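A quick note: this is a predicted structure, and the numbers were derived from the prediction, not measured.
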Amino acid sequence: MNASSENNDNNDDDGDDNDIMLAPKRALVFGISGDQGQFVARGLLDSHSYDAIYGVTHAATDRTIDAIARRLDAEVVRGSVGMGDDTVNEGGGKRITLLQADLSNASSLRAVLEVTRAAHVFLVTTTDIPPIDSADASLHDSEEREYDTIRTFFDVLVAVHKEEWEGSRDKNDKKKLERHVVFSTLENVRGLVEWMETSRQNKGFNHQGQESNNVDHDLLNIKPLDDGGIVPHYTGKGRGGEYALSLVHGLHSPWEETTADLASFDTMQSNEQPTPSIIPGLSVTLITLPFLHSNFTASATPLPAAAAASSSSSPSGRSTPTQWSISACLGDPSHPMDMLSVSDLQYIVPVLFRHRRKYQGRNIRLSAEKITMDEVAYQFADLFGKDVVYAPLTVEEMSSLEVPGAPAFAQMCQYLASSYANRGDVEETREIVMEGGGGRQPQTFQDWLLTHSDEEAFERVGLTRDAKPIQCVAVFHATGIQGKSVIKGLLADGRKTYLVRACITCTDHSCHDNRQERLEAEAQSLTSLDPQRVTVHYANLDDVNSCTEAVKGAEGVFAVTDFYSRQLFEPLSSTDHKKDGREEEHARNVIDACAASGTVRHIVFSTLESVEDVDRELQDAGGEVIIGDGGENCTESDREIFDGKARMAAYARTKSLSVTYVLMPVYSESFFRALAIKIRNDDVILEEENDGGSSDEDGEKVVCMSVDELGPAVANIMDSYEVYAGHEIALITDILSLKEASGIIKEVFFMTKSATVTVLGDNLEPSVTLNDTLSWTTSIQEQPETEYKLDTFAKDLGSMFRFMNKFEAVKRRQAVAKTMELVPDIRTFRQWLEDNRDNVEFREMLGIR
């Protein structure tokens with residue numbers, strides 16, 4: 001932009017020519033009964049720059065006047081197209097004069113333009129979507145009517161303006177009036193699709209016959225409607241905007257360049273520099289809007305999952321759903337979309353009027369931010385404390401919905417999922433909003449949701465309702481290390497008196513053989529924790545009906561599966577259990593039982609990282625991969641342990657269930673398995689087990705937490721399950737190396753006698769010698785190995801170490817701060833040891849009398 005135009009901008013852009021009318025300054029807002037028109041009117045009122053502001057609607061009824069007045073907090077009076085200049089509100093102030101006119105009627109439109117003589121005009125049009133049962137339900141016809149309305153508007157505007165400038169109006173009016181129009185438009189999607197297909201056929205391939213990168217198959221996959229229309233409610237506006245720029249600024253539609261190479265598309269669409277008008281004193285600026293936040297109170301409102309909601313007569317009494325889905329098919333969940341709050345138009349449009357020369361002849365593609373649908377769902381879940389997911393329908397499913405214009409809206413979603421729909425200029429939008437809003441930033445989706453959380457649409461679908469509390473929890477694998485911790489955590493919770501259904505898991509074989517005596521002993525051990533609140537149930541994980549019976553009457557479920565559970569009861573070869581798939585079958589049975597129960601409101605699912613997903617993250621970041629040719633970092637068995645649990649979590653996400661996923665780190669208890677305490681020549685020796693998979697060779701660290709802390713974490717989740725629904729929480733209290741863990745153990749338990757502590761390697765040769773002065777007050781005995789040989793966490797230890805200490809991807813997802821937010825009084829490794837220092841059972845586990 002040259003210096004002279006900058007100077008003109010600073011002079012309020014009305015120019016200095018003596019023939020230009022300078023006062024009174026008037027603004028005219030078409031479509032003032034809608035959101036866009038009302039926010040623009042609010043911005044014009046707040047600018048205090050106008051002597052008169054007119055609003056145009058198709059029906060200026062008393063009800064409409066009252067509604068607009070309340071929305072704008074301004075005086076709204078009814079005007080008439082037959083009024084003279086003496087009726088103008090010369091005093092300014094917060095007052096709107098409302099006129100009734102038909103945009104498609106040239107005579108009605110001419111009367112409005114002539115009587116108002118507004119220098120600044122805002123135009124927005126609506127598409128007349130026919131009802132489903134209409135005999136004339138052609139969406140293409142709706143597009144044509146809207147396009148004809150826009151053409152009529154600009155044809156009449158140009159005619160009236162030329163008459164004024166050529167002196168054909170009242171001979172007493174010798175002043176000329178400059179006009180600037182801001183037209184809110186959308187993309188001509190039909191023109192874009194047809195142009196891309198033609199250009200792809202002509203120029204869409206390079207000399208090697210490869211397809212151009214600019215070919216967008218999301219666009220090419222948009223099939224015309226039966227009447228030939230393609231996103232008619234966008235295309236009509238887009239064609240109208242192209243017509244306006246052609247008529248006033250001599251700019252031709254880019255879709256007329258049928259011989260252009262696809263590589264030149266962005267250049268063709270870019271009009272960053274203003275274009276002078278070919279009609280003196282008249283200029284136009286287009287603003288192309290992206291997906292508006294307000295759509296989330298209409299076509300994109302999160303809806304309750306049908307299978308999750310139940311009637312009031314449900315045996316569970318559950319009157320509210322537990323999961324909500326955003327089902328609009330807006331493409332890949334990780335695809336960034338341009339979005340904007342319609343309220344920002346109150347800051348944007350006055351700036352475009354103020355600097356009309358800077359923005360004349362331009363099409364400004366607005367965008368406050370680029371945000372993915374996964375991020376949108378997370379914001380809903382975080383604010384309302386509900387399980388909100390992005391689960392899009394297919395295009396075909398959306399097209400078949402029994403709502404007016406469903407096929408066109410399905411096409412719109414296809415377009416919005418394309419890269420060409422999301423070319424908004426975030427920086428320019430921010431610049432304009434900050435000027436118009438006095439330094440204010442454009443409203444983000446998160447901010448919009450906070451200020452609109454009380455919308456009726458959200459109340460109607462149940463997002464704002466409180467859920468019923470959970471009183472009864474079924475705990476699977478109740479005799480396992482995680483299950484016992486959860487039961488103890490629920491029983492110790494002081495906020496409510498949980499009833500616990502302790503589910504002792506078994507298989508077809510183990511439930512009916514001579515191990516029954518062992519199961520009965522385990523049942524007695526569980527009920528002894530609290531005979532009034534703990535009931536024992538046997539859950540045959542091979543039988544979904546047995547699992548259904550186990551969760552009967554429970555509102556909450558803690559689900560954990562055991563990779564080695566079948567091996568415990570039915571010994572297999574060293575490789576059979578790795579490919580058996582039994583663990584996944586068990587998990588599916590539990591999940592299906594919860595889905596069919598009619599009572600379960602929430603599940604806490606204990607799972608693990610996906611090696612495959614983390615490996616992909618590492619490759620993208622250029623880091624060391626886990627799944628290498630030699631399998632040094634992660635063996636096939638290791639992968640199956642982790643990926644199997646990750647697949648089970650993915651299966652749970654396909655169900656209409658409210659679930660929180662907890663990812664367990666290395667158990668702090670595992671350090672005792674990796675460091676068996678022995679006595680040798682009066683030295684305390686912390687000897688590494690040969691299958692321990694030590695991380696300490698290079699001082700590498702692992703994320704860890706005592707499994708004792710899982711119980712309080714699950715109790716907190718059950719207490720506020722809507723807050724944590726859909727969340728994946730990676731639990732952690734420490735990041736330690738084996739060497740650091742052994743040092744803390746020695747500091748806590750050995751106190752009075754000096755000794756040299758040696759950490760032995762796999763070949764029993766000293767790998768690290770610590771010349772620390774340590775002491776103890778009790779004798780030490782060798783760690784008995786027979787007590788833990790079948791423990792799952794002992795068998796998983798090598799995999800845990802090999803997997804979790806070789807990369808940063810897991811560590812990034814595990815956050816001490818988030819764990820402490822869930823359990824504020826959670827204990828670190830040292831605190832956990834100190835609290836158990838005098839615990840006889842704990843010392844026996846350590847091997848200390």
Side-chain angles (χ1 to χ4, degrees), residues 30-37 56-59 100-106 108-109 122-156 183-195 219 221-247 253 255 286-292 294-295 298-300 328-330 342 395-418 421:
F30 286 89
I32 197 170
S33 57
D35 281 349
Q36 291 191 46
V56 179
T57 182
H58 66 282
Q100 180 171 310
D102 181 0
L103 262 178
S104 62
N105 184 294
S108 176
L109 184 58
F122 175 76
L123 174 66
V124 60
T125 59
T126 57
T127 311
D128 181 21
I129 300 293
I132 297 174
D133 56 356
S134 171
D136 181 23
S138 171
L139 292 167
H140 180 66
D141 288 347
S142 298
E143 171 197 323
E144 291 299 323
R145 285 193 295 271
E146 183 171 20
Y147 174 58
D148 288 343
T149 295
I150 297 169
R151 284 191 58 153
T152 298
F153 172 85
F154 282 102
D155 287 344
V156 172
F183 175 34
S184 175
T185 185
L186 294 168
E187 187 67 78
N188 176 1
V189 182
R190 178 157 59 91
L192 170 60
V193 172
E194 293 174 351
W195 176 87
L219 283 177
N221 287 334
I222 300 177
K223 304 303 180 185
L225 303 176
D226 292 340
D227 58 15
I230 296 180
V231 199
H233 56 303
Y234 273 49
T235 297
K237 291 180 177 64
R239 291 169 61 200
E242 293 167 5
Y243 179 78
L245 290 183
S246 174
L247 180 67
S253 166
W255 319 131
L286 305 184
I287 52 173
T288 297
L289 302 187
F291 192 77
L292 295 175
S294 53
N295 285 313
S299 59
C329 51
L330 294 168
V342 68
V395 173
E396 292 73 21
E397 289 170 336
M398 196 164 182
S399 296
S400 63
L401 294 176
E402 291 295 319
V403 296
F409 287 114
Q411 288 182 327
M412 175 195 75
C413 289
Q414 280 185 282
Y415 166 68
L416 291 173
S418 72

Does the side chain of D102 come under 3.5 Å of the side chain of S108 through a donor N or O and an acceptor N or O?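 Judged by distance alone, the side chains do not pair up.
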If you measure only the distance, is there a donor-acceptor pair under 3.5 Å linking the side chains of Q414 and N221?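 Short answer, no.
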What are the two closest heavy atoms between S184 and Q36, and how far apart are they?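 Heavy atoms of S184 and Q36 come nearest at OG-OE1, 2.6 Å.
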Please check: side-chain N/O of [X] versus main-chain N/O of [Y], any donor-acceptor pairing under 3.5 Å?
{"X": "D141", "Y": "S138", "answer": "no"}
{"X": "D128", "Y": "R145", "answer": "no"}
{"X": "N188", "Y": "G191", "answer": "yes"}

Does the pair F409 and H233 meet the rule for a side chain to side chain contact (heavy atoms under 4.5 Å, CB included), with working shown? CA-CA 9 Å; F409 287 114; H233 56 303; 3.7 Å; yes
Any chance you could measure [X], atom [atom1], to [Y], atom [atom2], to the nearest 0.5 Å?
{"X": "L139", "Y": "I230", "atom1": "CG", "atom2": "CD1", "result": "12.5 Å"}
{"X": "E397", "Y": "C329", "atom1": "CD", "atom2": "SG", "result": "9.0 Å"}
{"X": "E146", "Y": "T125", "atom1": "CD", "atom2": "OG1", "result": "3.5 Å"}
{"X": "L245", "Y": "L286", "atom1": "CG", "atom2": "CG", "result": "4.0 Å"}
{"X": "I150", "Y": "L123", "atom1": "CD1", "atom2": "CG", "result": "7.0 Å"}
{"X": "L186", "Y": "M412", "atom1": "CG", "atom2": "CE", "result": "10.0 Å"}

Taking side chain as C-beta onward, heavy atoms only, is [X] less than 4.5 Å from [Y]?
{"X": "M398", "Y": "C413", "answer": "yes"}
{"X": "P224", "Y": "H140", "answer": "no"}
{"X": "V124", "Y": "F183", "answer": "no"}

Y243 vs D155, test: side chain to side chain donor-acceptor pair (under 3.5 Å). Steps then yes/no. CA-CA 10 Å; Y243 179 78; D155 287 344; 2.5 Å; yes
Please evaluate residues Y415 and L192 with respect to the criterion side chain to side chain contact (heavy atoms under 4.5 Å, CB included), reporting the C-alpha separation (whole Å), side-chain torsions for both, the decisive distance (0.1 Å), and the verdict. CA-CA 10 Å; Y415 166 68; L192 170 60; 4.0 Å; yes
Looking at K223 and E396, does any basic side-chain N land under 4.0 Å from a carboxylate oxygen?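 The answer is no: the pair does not qualify as a salt bridge.
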Look at K237 together with E143 and state whether they make a salt bridge at an N to O cut-off of under 4.0 Å.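 Result for this pair is no, no salt bridge flagged.
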Answer yes or no: are there more than 12 heavy-atom neighbours, outside D148 itself, under 6.0 Å from its atom CG? yes
Side chain to side chain contact (heavy atoms under 4.5 Å, CB included), that's the test. Do L103 and T152 meet it? Break it down for me. CA-CA 8 Å; L103 262 178; T152 298; over 6 Å; no
With a 6.0 Å cut-off on ring centres, are F153 and F30 close enough? yes
